[in-house]
Amino acid sequence: MQHPSAGGGRAGQGRNRLPRPEAPRVPFGGSMYDFQKIEAKWQERWADSGVFEVEADPSRPKFYNLTMYPYPSGALHQGHVRNYTYGDLLTRYMTMRGYNVLSPMGWDSFGLPAENAAIATGVHPRINTEKQIARMSEQIRRLGAMYDWRREIASHHPDYYRWDQWLFLKLFERGLAYKAEAPVNWCPNDQTVLANEQVVDGRCERCGHEVIRRNLSQWFFKITDYAERLLADLDQLEHWPERVRVMQRNWIGRSEGALFTMQVDGLDASFDVFTTRPDTIFGMTFAVLAPEHPLVDRLVAGTEYEAEVRAYQEKAAKESEIDRMAEGDKTGVFTGRYAVNPVNDRRVPIYIADYVLMGYGTGAIMAVPGQDQRDWDFAEKYGIDIIRTVEPPADFDGKAYVGEGRVINSGFLDGLDIETAKERMIAWLEEKGIGRRQVQYRLRDWLISRQRYWGCPIPIVHCPDCGQVPVPEDQLPVELPDVEDYAPKGRSPLAALDSFVNTTCPNCGGPAQRETDTMDTFVDSSWYFLRFTDARNQDQIFDPEKAAYWMPVDQYIGGIEHAVLHLLYSRFITKVLFDMGLSPVEEPFARLFTQGMIRLGGAKMSKSKGNIVDPLDLLASHGADALRLYHLFMGPPAEDADWDEHGIDGTSRFLDRVWRLVTGEFGEPTDREENESDRAVISETHRAIKKVTEDIERFAFNTAVPALMTLVNTLVDYVRQGARRETFDYAVEKLLLLLSPMAPHIAHELWERTGHTTMLATEAWPEYDPELAKLEVVTMVIQVNGKVRDRAEVDASISADDAERLALESPRIKEWIGDGEVKKVISRPPRLVNIVVG
RNA sequence: GCCGGAGUGUUGGAAUUGGUAGACAAGGUGGACUCAAAAUCCAUUGCCCGCAAGGGCGUGCGGGUUCGAGUCCCGCCUCCGGCACCA
């Protein structure tokens, strides 16, 4: 079973496994160039040249350009095309700018689709996966997207996942990986547990099935230890989209408040509560425990309330998240016990209710209906007292009051503003030793074990005597064995394989059993960008020196769907590796770009909806350059875009015009004297260089393409009207340089056909001359009272006075002024003069 | 509910700092070429009035600031996304 990159050969080795379709396209007239042939030719040349194969070289400026590595589904879709088109444009552009550009590609190749296919067909996921990888890498090559394929990685390969296991052991050593029993999210369809991040609206992020809650013993990564750093460092990520940072901030969910202990009246028991409103403790009229709270049993054992409480607990346990939230109306039951409010010794009833979640804070709350709408709803329903501790405004007619105001009914806090009262109360709690200041996060630990086959085995041995024993590093990788039956039965298929499970304890040598769960595939992807810096290293996860040169990723491009999944996990793991002294950076991705989705008829393209526009068909009918160019042209890269079936015809026509322009079909230039029209062409060429360069820098590819179209339209007119050879050749040369990152095949072919012996990809990006780029003559608008009434062609360097004079002399303007009085003239040469008439 | 983003021709979109609204495409219409069609080329294409010259209106809605607002401010509406019984 050959790893896709095994042998370390050049990209050429795997090429052309799929036959290139014959050009079935109805060409636009007889002049259509043979893009199929040209694409094949240049893809081979680029691969053979090794231009995009790079090494760390501290003497040169680096640019690490990364697109999110794909799951090898076997079929390239438009989202991939958009992604790789943007990425490749930058690879080529930055290469021409003189950077040492690292652009690697790999495969996120563990995961459920391959395994589910295996269950259906009986074919081993490895066989399927590697077939898909071969197909997809071929398809990516056909886009003309260039990568350093020598660095190709695939997460299902033991050379890769042994470092997943190594990483796991390092986290285990540091106390950042632990196994614990907890209520977890279980997807009955995928037959596995899920991390919180992988549950969306109570449903499995993958398959959409409703998730249920189960108490299971699972492996976690302690990402909560890094909550504060993950939150604080978001501020440094100024080149990330604001909305991704907001999503992560929301997800981490930091809140400040106080934690304090309440005694249960008449029982030697207490429980802690967290509140963000310590200023309102005097208003507490009841307390609520989550149904799963461990204290509940003791509260009700042997009392008349026991039966009802147990019934409620069972009901809550059975309900899915969706059911719980759908109910709207708050429910709960009284436990028959009272807690003592520490600030005034008031006895308050203790309820259990499912609106209090075991997973957040302490799983118990003080309830202050006067200042909390949820508590108000509950108090109203169960007839519990309501005490306001913040004075609402006179005109307030709502229920719970959560706004600003003066504190009332609160003993020593009365009269204070809320903020001061909070501080005062925290100080009081600390002084009395019953509470303290507390920062609480919404973020939970990352549940990383999965009860599925096609993933990285967790390198732990369970020994009856020694407990959890890590597999020694020199015994890695723990290889994923072949199994007969992939179907999950509530536990990993590996558990059925005695030869895998039964082993000896690395510690005492006694009989022991292997952990049979596999790791979440997001573990694989949380450090792959570091592996790319040193992908073939057999001795280390990566060489820190190489990582020091390449990291951080300068530009990361991918979908928004990973805003709080992959992008949060990667930040966490990078910080851990930083703390271990391996990663040179704490933040892996300096710049992040999240591309919009491609839709068709307003809906996301998907196989199930049957609204797929297959890029492979377009590669055959219009070619890679036209396809790439249309993706660039479609709209702002960050925004969703609707696929227009005619759109690619437009970019295809454009390329055809370029071809005919350069090959002389619109006319041949001549050797004549230079005149005004030649200087205008030079000037426009420089403006195009300026525009395209600036637009690429600001990720405005959708306006960079029109800049080239405009230049081409001008050059077509120019050559038809009799171009001067020297000027024409100059403009065409710049045009091809500018076009090369966007439509590389045609640009390279025409570069060669215009007599260049160098490879376009390694030419320097053109510079523009600001003087030449200036317009000599511009259209100045003349307004009267803000309305355009006349226009004049003026010298671009016209003075304000001259512009004003010219405007006032215009016969049409004179007419508009009539006998009105000119009160003011605003002269903004050379664009505009506005005459204010009273 | 809280937070973030967006509303511009028939369509995708452009207008980077307040200064010609609609670049560039797509689609439409008319024409040239052709036996015909495709392709290509030319013209035209925001709405209304007008034979024309020209004029009026126009960037979700209502106000405001300004000589001048798609752009800035205030108040709404609609859509998209995130978080949400998180104490």
Side-chain angles (χ1 to χ4, degrees), chain A residues 26-32 200-201 241-251 253-255 257 273-277 280 288 290 324-325 327-330 353-357 359-368 371-375 377-378 402 440-444 560 563-564 630 633-636 638-651 653-654 656-657 660 665-666 691 694-695 698 700 702-710 712-713 716 720 778-789 791 812 823-828 831-837:
Chain A
V26 181
F28 295 118
S31 64
M32 193 59 215
V200 179
D201 293 330
E242 181 58 22
R243 66 170 171 154
V244 175
R245 294 195 289 169
V246 167
M247 282 189 220
Q248 293 210 355
R249 229 172 258 135
N250 285 343
W251 192 259
R254 181 183 201 273
S255 39
V273 298
F274 171 71
T275 177
T276 56
R277 293 295 301 272
T280 66
V288 187
R324 273 201 191 189
M325 287 190 286
E327 264 177 36
D329 203 25
K330 300 223 173 346
D354 66 4
Y355 82 93
V356 172
L357 310 174
Y360 182 77
T362 61
I365 63 160
M366 68 161 191
V368 185
Q371 269 71 230
D372 185 291
Q373 189 58 44
R374 297 159 301 187
D375 296 346
D377 294 342
F378 194 85
V402 296
Q440 196 66 47
Y441 300 92
R442 208 189 70 100
L443 182 71
R444 316 283 165 83
I560 187 74
V564 287
Y630 178 51
F633 181 73
M634 265 173 111
E639 286 169 33
D640 289 353
D642 263 307
W643 184 265
D644 174 359
E645 56 169 333
H646 298 292
I648 193 171
D649 292 339
T651 51
R653 276 199 276 261
F654 165 69
D656 203 22
R657 271 165 80 75
R660 285 180 292 154
E665 268 197 64
F666 291 117
K691 176 77 178 152
E694 289 172 355
D695 283 354
R698 67 185 180 109
N702 58 316
T703 51
V705 177
L708 291 181
M709 289 176 166
T710 306
V712 168
N713 290 344
V716 168
R720 278 177 173 160
V778 296
T779 305
M780 183 177 82
V781 305
I782 308 170
Q783 299 179 326
V784 176
N785 289 338
K787 292 193 188 272
V788 179
R789 298 304 184 188
R791 288 164 218 265
R812 298 193 49 198
K823 286 190 169 164
K824 199 174 179 183
V825 179
I826 290 107
S827 187
R828 293 280 180 276
R831 290 265 169 237
L832 165 141
V833 173
N834 187 12
I835 299 162
V836 185
V837 177

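To find a chain, count down the sequence lines: A is the first, B the second, and so on, and within it residues start at 1.
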Exercise. Closest heavy-atom contact between A/Arg243 and A/Ala638?
Worked result: NH2-O, 4.4 Å
Problem set entry | Euclidean distance, A/Asp649 CG relative to A/Asp644 CG, rounded to 0.5 Å | 8.5 Å
For this session: Describe the nucleic acid contact of A/Arg720 in one word from base, sugar-phosphate, nothing, applying a heavy-atom distance below 4.0 Å.
Result: sugar-phosphate
Exercise. Using a cut-off of 4.0 Å on non-hydrogen atoms, how would the nucleic acid contact of A/Arg791 be classed: base, sugar-phosphate, or nothing?
Worked result: base
Problem set entry | Any A/Lys330 side-chain nitrogen or oxygen under 4.0 Å from OP1 or OP2 of B/C85 | no
Problem set entry | Exercise: identify the closest heavy-atom pair between A/Tyr630 and A/Asp642 | OH-O, 4.1 Å
For this session: Just name whichever nucleotide pairs with B/C51, Watson-Crick or G-U, keeping both distances under 3.5 Å, else none.
Result: none
Problem set entry | Student check: side-chain heavy atoms of A/Met366 and A/Thr280 closer than 4.5 Å | yes
For this session: Ignoring the backbone of A/Met709, work out which of B/A26, B/A21, B/C24 is nearest its side chain.
Result: B/C24
Seminar exercise, completed: Rounded to the nearest 0.5 Å, the CD1 atom of A/Ile365 sits from the CG atom of A/Asp372 at a distance of 7.0 Å
For this session: Mark up nucleotides 12-19 of chain B, 5' to 3', with B wherever a protein heavy atom is under 4.0 angstrom from a base atom, S wherever such an atom reaches only the sugar-phosphate, and - elsewhere.
Result: BSSSB--B
Exercise. Below 4.0 angstrom from OP1 or OP2 of B/A25, is there any side-chain N or O of A/Thr651?
Worked result: no
Problem set entry | B/A43 versus B/A23 - spacing of their P atoms, nearest Å | 15 Å
Exercise. If the P atom of B/G5 is compared with that of B/C74, how far apart are they to the nearest Å?
Worked result: 14 Å
Problem set entry | Spacing of A/Ile782 atom CD1 relative to B/U20 atom P, expressed in whole Å | 14 Å
Exercise. Is the shortest side-chain N/O distance from A/Arg657 to OP1 or OP2 of B/U40 below 4.0 Å?
Worked result: no
Problem set entry | Separation of B/G56 C1' from A/Asn785 CG (nearest whole Å) | 16 Å
For this session: Using Watson-Crick or G-U wobble geometry with both distances below 3.5 Å, tell me the partner of B/G68, or none.
Result: none
Problem set entry | Value in whole Å for how far the C1' atom of B/G4 lies from CD of A/Gln248 | 15 Å
Problem set entry | 5' precedence on RNA chain B between A/Thr710 and A/Val778 (nearest-nucleotide basis) | A/Val778
Exercise. Given that both distances must come in under 3.5 Å, which nucleotide forms a Watson-Crick or G-U wobble pair with B/C41?
Worked result: B/G31
Exercise. To the nearest 0.5 Å, what is the distance between CZ (A/Arg831) and CE (A/Met780)?
Worked result: 11.5 Å
Exercise. Roughly how far, to the nearest 0.5 Å, is the CG atom of A/Asn785 from the NZ atom of A/Lys823?
Worked result: 9.0 Å
Exercise. Pick one for B/G9: is it syn, with its angle within 90° of 0, or anti?
Worked result: syn
Exercise. A/Arg653 has an atom CZ; how far is it from atom C1' of B/C42, in whole Å?
Worked result: 15 Å
Exercise. Can a side chain N or O of A/Arg789 be found less than 4.0 Å away from OP1 or OP2 on B/G56?
Worked result: yes
Exercise. Can you find a side chain N or O atom of A/Arg442 that sits less than 4.0 Å from OP1 or OP2 on B/C85?
Worked result: no
For this session: Enter the distance from A/Ile560:CD1 to A/Met247:CE here, rounded to the nearest 0.5 Å.
Result: 4.0 Å
Exercise. Taking CD1 from A/Ile560 and C1' from B/C83, how many angstroms apart are they, rounded to a whole number?
Worked result: 14 Å
Problem set entry | Interatomic distance where CD belongs to A/Glu665 and P belongs to B/A39 [whole Å] | 17 Å
Exercise. In whole Å, what separates the P atom of B/A84 from that of B/C73?
Worked result: 31 Å
For this session: Among the candidates B/A87, B/U20, B/C3, find the nucleotide nearest to the side-chain atoms of A/Val246.
Result: B/C3
For this session: Take atom C1' in B/U8 and the same atom in B/G60, then report the distance between them in whole Å.
Result: 10 Å
Exercise. A/Asn250 side chain: which of B/A87, B/G54, B/C83 is closest?
Worked result: B/C83
For this session: Using the side-chain hydrogen bond (donor to acceptor under 3.5 Å, both in side chains) rule, take A/Arg657 and A/Asn713 through it: C-alpha gap first, then chi angles, then the decisive distance, then the call.
Result: CA-CA 9 Å; A/Arg657 271 165 80 75; A/Asn713 290 344; 3.0 Å; yes
Exercise. When rounded to the nearest Å, what value does the distance between C1' atoms of B/A32 and B/A37 take?
Worked result: 15 Å
For this session: Quote, to the nearest angstrom, the C1' distance that separates B/U66 from B/U71.
Result: 13 Å
Exercise. Rounded to the nearest Å, what distance is computed from the CZ atom of residue A/Arg812 to the C1' atom of nucleotide B/A53?
Worked result: 9 Å
Problem set entry | Nucleotide forming a Watson-Crick or wobble pair with B/G58, both distances under 3.5 Å | none
For this session: May I ask you to evaluate whether A/Arg243 reaches the phosphate of B/A6, defined as a side-chain N or O under 4.0 Å from OP1 or OP2?
Result: no
Problem set entry | Span that lies between the P atom of B/U34 and that of B/G27, in whole angstrom | 25 Å
Seminar exercise, completed: Rounded to the nearest 0.5 angstrom, the CG-CZ distance for A/Leu357 and A/Arg442 is 10.5 Å
Exercise. Hey, does A/Gly650 reach any base, or is it just sugar-phosphate, or nothing, if we go heavy atoms under 4.0 Å?
Worked result: sugar-phosphate
Problem set entry | Sugar-phosphate only, base, or nothing, as touched by A/Asn713 at under 4.0 Å among non-hydrogen atoms | sugar-phosphate
Exercise. How would you label the contact of A/Lys787 with the nucleic acid (heavy atoms, under 4.0 Å): base, sugar-phosphate, or nothing?
Worked result: sugar-phosphate
Exercise. When the P atoms of B/U45 and B/U10 are considered, how many whole Å apart are they?
Worked result: 15 Å
Problem set entry | Residue matched to B/G1 through Watson-Crick or wobble contacts both under 3.5 angstrom | B/C83
Problem set entry | Selected nucleotide, minimal atom distance to A/Asp372 side chain, candidates B/U40, B/C85, B/A87 | B/A87
Exercise. Rounded to whole angstroms, how far apart are CG on A/Leu708 and P on B/C24?
Worked result: 14 Å
Problem set entry | Those residues that, when tested against A/Phe378, pass ring-ring contact (aromatic ring centres under 6.0 Å, His included) (two or more places apart) | A/Phe286, A/Tyr351, A/Tyr355, A/Tyr382
